[in-house]
Novice: 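One structure, pasted below without further comment.
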There are 2 protein chains.
Amino acid sequence: MPFSNVAERREQPPALAVSTVIFSLRDDERTGRKSLWLPLVRRTREPFRGQWALPGGPLGPRDSLLDAAANNLRDTTGLVPRYLEQLYAFGDLDRSPTRRMVSIVYWALVREDDPHGTATSVLVDDPNVAWFRADDPEVLGNLAFDHRQIIEYALWRLRNKVEYGSIAHRLLGERFTLAQVREVYEAVLDRALDPANFRRTLRSTPDIEETGEFLSGGKHRPPRLYRYTGSTTHPLESENIS
Amino acid sequence: MPFSNVAERREQPPALAVSTVIFSLRDDERTGRKSLWLPLVRRTREPFRGQWALPGGPLGPRDSLLDAAANNLRDTTGLVPRYLEQLYAFGDLDRSPTRRMVSIVYWALVREDDPHGTATSVLVDDPNVAWFRADDPEVLGNLAFDHRQIIEYALWRLRNKVEYGSIAHRLLGERFTLAQVREVYEAVLDRALDPANFRRTLRSTPDIEETGEFLSGGKHRPPRLYRYTGSTTHPLESENIS
DNA sequence: CTTAGTTCTGGTCAGAATGACACTAACTGG
DNA sequence: CCAGTTAGTGTCATTCTGACCAGAACTAAG
């Protein structure tokens with residue numbers, strides 16, 4: 001027991017940490033559609049030893065918030081997303097049972113099959129890192145700290161922030177088909193969308209243009225590949241990993 | 001000179017502070033419409049002594065982030081908004097020339113004529129507190145720290161976040177006329193809106209209902225008073241001041 | 001008391017955006 | 001070459017939006 005009473009613990013200066021919520025699209029046999037998954041790490045120390053938690057760690061004196069989040073994510077899971085966006089700063093007094101902690105949480109959408117090994121290269125054979133469905137109540141109910149609320153807030157933000165073109169290209173990378181974009185929206189909104197109408201609205205935005213190429217290798221008619229061009233978001237809303 | 005070199009300063013643990021950006025609607029003779037103003041405080045210490053800065057201060061070990069922001073705002077300006085919303089956490093290494101500083105910034109819209117003296121009671125006769133136009137380049141160009149970027153980001157968020165009904169009621173309080181709501185939107189979007197069309201869209205939302213009362217004392221036809229009912233926003237997006 | 005001035009409020013109309021859905025095009029696998 | 005599946009186009013009715021007209025309701029001036 002590191003501190004004898006609550007009053008003493010509360011006089012400790014607040015500690016600063018960063019965490020990350022990484023969403024990825026994966027097939028879901030249950031619905032037939034794709035759904036959102038996220039990586040968690042098993043805690044090896046008290047408090048909450050053995051329970052699942054968001055990747056994260058302390059903020060070093062020489063790291064910017066973004067660097068700290070990205071480095072920590074890479075070290076614990078092997079993931080290197082292209083962008084991280086700041087989600088929220090959590091600072092309630094009772095977040096951690098041991099000491100006062102302020103966590104600045106970043107989040108991202110990553111693609112499952114990234115050429116840089118972005119999303120799939122979660123440290124293979126490490127039993128302390130695993131992917132879970134983002135809305136699995138079994139998992140959410142047993143997370144460390146207030147990480148359940150953090151994930152639920154990230155999901156809420158995601159669903160309330162969906163704008164055509166701006167979210168999907170971060171998940172899908174350089175070139176993508178319109179059906180892939182639609183899969184992202186269907187997973188986030190958790191409902192089926194009309195392919196024809198979705199295509200119409202997407203094509204009407206100036207931020208998405210044809211590449212002239214087609215995606216071959218599929219089982220059916222090969223779809224066109226598109227590219228995202230646009231600086232829709234504010235710089236702070238989507239920071240590039242150095 | 002508190003530290004002999006950069007390397008030494010950077011080994012200091014990051015300090016945690018909170019700041020607030022408070023927007024209020026005020027008459028603007030230049031446009032004839034209302035526009036956004038915000039309170040600034042003059043710094044009495046180095047660094048940036050004598051320059052204007054956002055209200056703010058260190059995070060105490062016993063204050064939640066929200067409490068720290070609200071208390072600090074009250075102590076320095078006398079302002080007590082009903083709600084504060086978290087804007088962003090700023091943590092670049094070179095934000096402050098003296099030591100590593102992470103600032104968690106809250107923001108709010110307040111009404112000018114609040115019955116609790118919310119917005120007008122800025123410590124009278126204190127020459128170190130004053131209101132400025134939020135887009136005055138003269139002022140923005142001479143702020144302390146990175147406070148210019150913070151204000152510009154807050155304005156960007158405000159303009160990109162305007163949804164009917166959810167923003168205005170925080171600025172206007174319990175009961176309001178539709179013209180008052182329109183003034184808010186005109187100030188935020190910086191353009192005139194058609195009164196009749198604005199009324200139509202606003203009435204079509206379920207979150208705004210008639211009170212049956214009218215606002216008397218005006219110079220012309222007395223307008224109906226309306227009330228906001230709805231929990232549109234996520235709890236974290238609009239935290240109540242205790 | 002009358003009238004001018006201003007705002008509030010409801011209405012119309014044309015054009016744009018949206019949802020439902022039929023239909024054609026293009027590929028793979030047997 | 002045919003069946004099956006996905007890609008992509010076109011159409012139609014409905015809803016939403018912006019521009020604008022006009023009457024209602026009040027105050028202030030004379």
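Order of the sequence lines fixes the chain letters, A, B, ..., with proteins taken first and strands second; residue numbering starts at 1 for each chain. Side chains included, hydrogens not; waters and symmetry mates left out as well; all remaining heavy atoms used.
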Novice: For nucleotides 20-30 of chain C, give me one character per nucleotide, 5' to 3': B if any protein heavy atom sits under 4.0 Å from the base, S if the only such contacts are to the sugar-phosphate, - if neither.
Specialist: BB---BBBS--

Novice: dA7(D) P sits how many Å from Glu213(A) CD, rounded?
Specialist: 17 Å

Novice: List in chain and number order the residues that pass side-chain contact (heavy atoms from CB on, under 4.5 Å) with Thr177(B), two or more places apart in sequence or in another chain; answer none if no residue qualifies.
Specialist: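 Partners of Thr177(B) by the side-chain contact (heavy atoms from CB on, under 4.5 Å) criterion, ordered by chain and then number, come out as Ala179(B), Gln180(B), Leu215(B), Pro223(B), Leu225(B).
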
Novice: Give every residue pair that meets the salt bridge (Lys or Arg N to Asp or Glu O under 4.0 Å) criterion with at least one member in residues 139-148 of chain B, sequence neighbours excluded.
Specialist: Arg95(B)-Asp146(B), Arg148(B)-Glu152(B)

Novice: Are the charged groups of Arg175(A) and Glu213(A) less than 4.0 angstrom apart, N to O?
Specialist: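 Salt bridge present between Arg175(A) and Glu213(A).
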
Novice: Specify the separation, in whole Å, of atom CZ of Arg199(B) and atom C1' of dG23(D).
Specialist: 14 Å

Novice: dC8(C) P sits how many Å from Phe198(B) CZ, rounded?
Specialist: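 Spelled out: CZ on Phe198(B) to P on dC8(C) is 12 Å.
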
Novice: Which residues satisfy the salt bridge (Lys or Arg N to Asp or Glu O under 4.0 Å) test with Arg159(B), sequence neighbours excluded?
Specialist: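 Once residues adjacent in sequence are excluded, Arg159(B) has no partner under the salt bridge (Lys or Arg N to Asp or Glu O under 4.0 Å) criterion.
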
Novice: Can you tell me the distance, in whole Å, between the CZ atom of Arg203(A) and the P atom of dT18(C)?
Specialist: 16 Å

Novice: Mind calculating the distance between CG (Leu193(A)) and C1' (dG8(D)) to the nearest angstrom?
Specialist: 17 Å

Novice: Nearest whole angstrom, please: distance from the P of dT18(C) to the OH of Tyr185(A).
Specialist: 13 Å

Novice: Grab the CD-C1' distance between Glu183(A) and dA7(D) for me, whole Å please.
Specialist: 14 Å

Novice: What pairs with Asn197(B) under side-chain contact (heavy atoms from CB on, under 4.5 Å), at least two apart in sequence or on another chain?
Specialist: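 With neighbours one apart ignored, the set is Asp194(B), Arg200(B).
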
Novice: Just jot down the side-chain contact (heavy atoms from CB on, under 4.5 Å) partners of Leu236(B), sequence neighbours excluded, or say none.
Specialist: Tyr88(A), Phe90(A), Tyr153(A), His234(B)

Novice: When the distance from CG of Leu225(A) to C1' of dT6(D) is rounded to whole Å, what number comes out?
Specialist: 15 Å

